[in-house]
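Here's the structure, in structure tokens; my notes come after.
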Number of protein chains: 2
Amino acid sequence: MEPSSSEVAAAPTVPAEAGLHARVLDHLGTAICGGELAPGAILNIDELVDRYAVSRSVVREVLRVLASIGFIEARRRVGVMILPASEWNVFDPQVIRWRLASAGRMAQLRSITELRTAVEPHAAYLAAGRIGHDEASDLVGLAAKMWAAGEAGDEERFLHLDIEFHRRVLLASGNEMFVRLQDLVAEVLTGRHKHHLMPHHPHEQALQMHADVAQAIQRRDGARARQAMVQLMEQAFGEMKSLWEQISVPEQSADRGSATR
Amino acid sequence: MEPSSSEVAAAPTVPAEAGLHARVLDHLGTAICGGELAPGAILNIDELVDRYAVSRSVVREVLRVLASIGFIEARRRVGVMILPASEWNVFDPQVIRWRLASAGRMAQLRSITELRTAVEPHAAYLAAGRIGHDEASDLVGLAAKMWAAGEAGDEERFLHLDIEFHRRVLLASGNEMFVRLQDLVAEVLTGRHKHHLMPHHPHEQALQMHADVAQAIQRRDGARARQAMVQLMEQAFGEMKSLWEQISVPEQSADRGSATR
DNA sequence: TCCACTCAAAGATCATATCATTTACATCAA
DNA sequence: TTGATGTAAATGATATGATCTTTGAGTGGA
């Protein structure tokens, strides 16, 4: 139905018919993240009303949300200007999703991976000092389940357990911001899965390290928990790195011809 | 002019007359962050139209923004429900500001301080591997200026230099998300200043450590840069800790009777 | 007891009008 | 020529009222 602009590789982030607001927002957000609407470009409301064939209300509400994300700024007598990426709320989950679905995918992947590399070791350290008995037991149990799933080669299940494991650690750190961060990481991991960037046959090592982290936290050994998590992050970072070095140049259609499939 | 509800300790985050949208948004955001509108509470549009004496357009636009922050969810036939804090976008700068102006101030302070404790050392490490010659020189120069300001006892100037120093390090890390994080930290530091929670007579040690970080980064010694930043963070964390242990119980009017003044 | 139907409440969307601000341009005086 | 100043048009901001759509609760029959 829309083969006119052949640039957008992004599948719509919104399900199907999720309300006009959501659809217009998604379309504009994708366009901005994807660079089709470059910083400095000017829109105006009436133009958008025509383009999307929706009412002013819808457009204005969308623009307010985009403005709160830092994507645009409205000025009277001028119109609506796209702002440079330095103004964006790059921590907004919505933005993460859009960027993962755009050409900036790899940059987004790298940013978040670096972020979790920085945060999770400290979270593990804090968790060791704050976790409750039951939570600690659950954590060890989770690591065990991950082992089982890894051995069985059940990638789907392993992914979910992996996400849950890290979520629990961040939750136990007692810092709400860390937990929210995990939402972003989960976005990345599932996104990676969705875009078939998942050569993720879990290594023996990784399984052991998860177990180490869990054990160290349970025994309230903050330093060891941090150290184990650092290793885990180094491994995850290495995996990611191989990914974006592999697909660094062919920016265009990254998720089509992956030869090893 | 508004002495009716005596609970809100929060000064409006918006200047004065910044448009109806901004004012209503600020008021609702503050109320939600401050707990006056508890999770589960139900609003409806017409009620808000009456309460704020603005049009439906304004209210709807505000609600869309609040929804994108994760503060509310609108359901037909029910109304607009306040969501629990676990749904909030705690990385939204606006949210940070609201929370710093509310009773949850100390929790917010702690969260962000922990976050930067985790991130900045890694950022310093990355910066050592990526920074350009000129940027590195500037960084060393900044540390020197901080020394001068610290010696001269110019707290205002020191604060600005401090913020700028950390911003430069995060910028040099080459990770956009780290830079945005610094905006949050700056929000905290200036907020701390604004709320008179600033017993911040910079220690001799801290000055030296800033110099160490700058030097290590310039010499591309990632490990040493990280280590120096860790020490810096430990010191900053210690300062903060003494703050919120001091004012932990008297939640009510935290910024009135600080005896040591 | 339980399922299907009906109705009304509330948000979602639309259409139109008016207000307010700001930029561009023209006008006029020095 | 230049600079100040006033004026008009463009555009977002706000207001208003109507209609559409969804959905929860009540109601009645099997």
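Counting to the nearest Å, the P atom of dA13(D) and the CZ atom of Arg23(B) are 14 Å from each other. Distance CE (Met81(A)) to P (dT11(D)): 15 Å, rounded to an integer number of Å. Distance CG (Leu63(B)) to P (dT13(C)): 13 Å, rounded to an integer number of Å. For Arg56(A) and dC14(C), the CZ to C1' distance is 11 Å, given to the nearest whole Å. Computed from coordinates, the Ile72(A) CD1 to dT11(D) C1' distance equals 14 Å when rounded to whole Å. At whole-Å resolution of the value, CG in Leu66(A) and P in dG12(D) are 14 Å apart.
OP1 or OP2 of dA12(C) sits under 4.0 Å from a side-chain N or O of Arg60(B). For dC25(C), neither phosphate oxygen OP1 nor OP2 lies less than 4.0 angstrom from any side-chain nitrogen or oxygen of Arg77(A). Between Arg64(A) and dT14(D) there is a side-chain N or O to OP1 or OP2 distance below 4.0 Å.
Side-chain polar atoms of His166(B) and Glu120(B) form a donor-acceptor pair below 3.5 angstrom.
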For Glu176(B) and Arg180(B), what are the C-alpha separation, side-chain angles and deciding distance, and is it a salt bridge (Lys or Arg N to Asp or Glu O under 4.0 Å)? CA-CA 6 Å; Glu176(B) 359 123 78; Arg180(B) 294 296 294 177; over 6 Å; no
Please assess Glu135(B) against Arg168(B) for the test salt bridge (Lys or Arg N to Asp or Glu O under 4.0 Å), listing each intermediate value before the final yes or no. CA-CA 8 Å; Glu135(B) 297 157 287; Arg168(B) 295 283 185 92; over 6 Å; no
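Considering CG of Asp183(B) and CD1 of Ile163(B), their distance stands at 10.0 Å, rounded to 0.5 Å. For the atom pair CG of Leu28(B) and CD of Glu36(B), the computed distance is 10.5 Å after rounding to the nearest 0.5 Å. Annotation: the span from Asp134(B) atom CG to Ile131(B) atom CD1 amounts to 10.0 Å, rounded to 0.5 Å.
The aromatic rings of Phe71(B) and Trp88(B) sit tilted, their planes meeting at an angle between 30° and 60°.
Toward the 5' end of DNA chain D, the nearer of the two residues Arg75(A) and Arg76(B), judged by each one's closest nucleotide, is Arg75(A).
For Ser57(B), the side-chain atoms get nearest to dT16(D) when compared with the rest of dT21(D), dT16(D), dT22(C). Listed nucleotides: dC14(C), dG12(D), dT21(D). Nearest to the side chain of Val58(A): dC14(C).
Only Val54(B), Ser55(B), listed by number, bring a heavy atom of residues 42-55 of chain B to less than 4.0 angstrom from any atom of DNA chain D.
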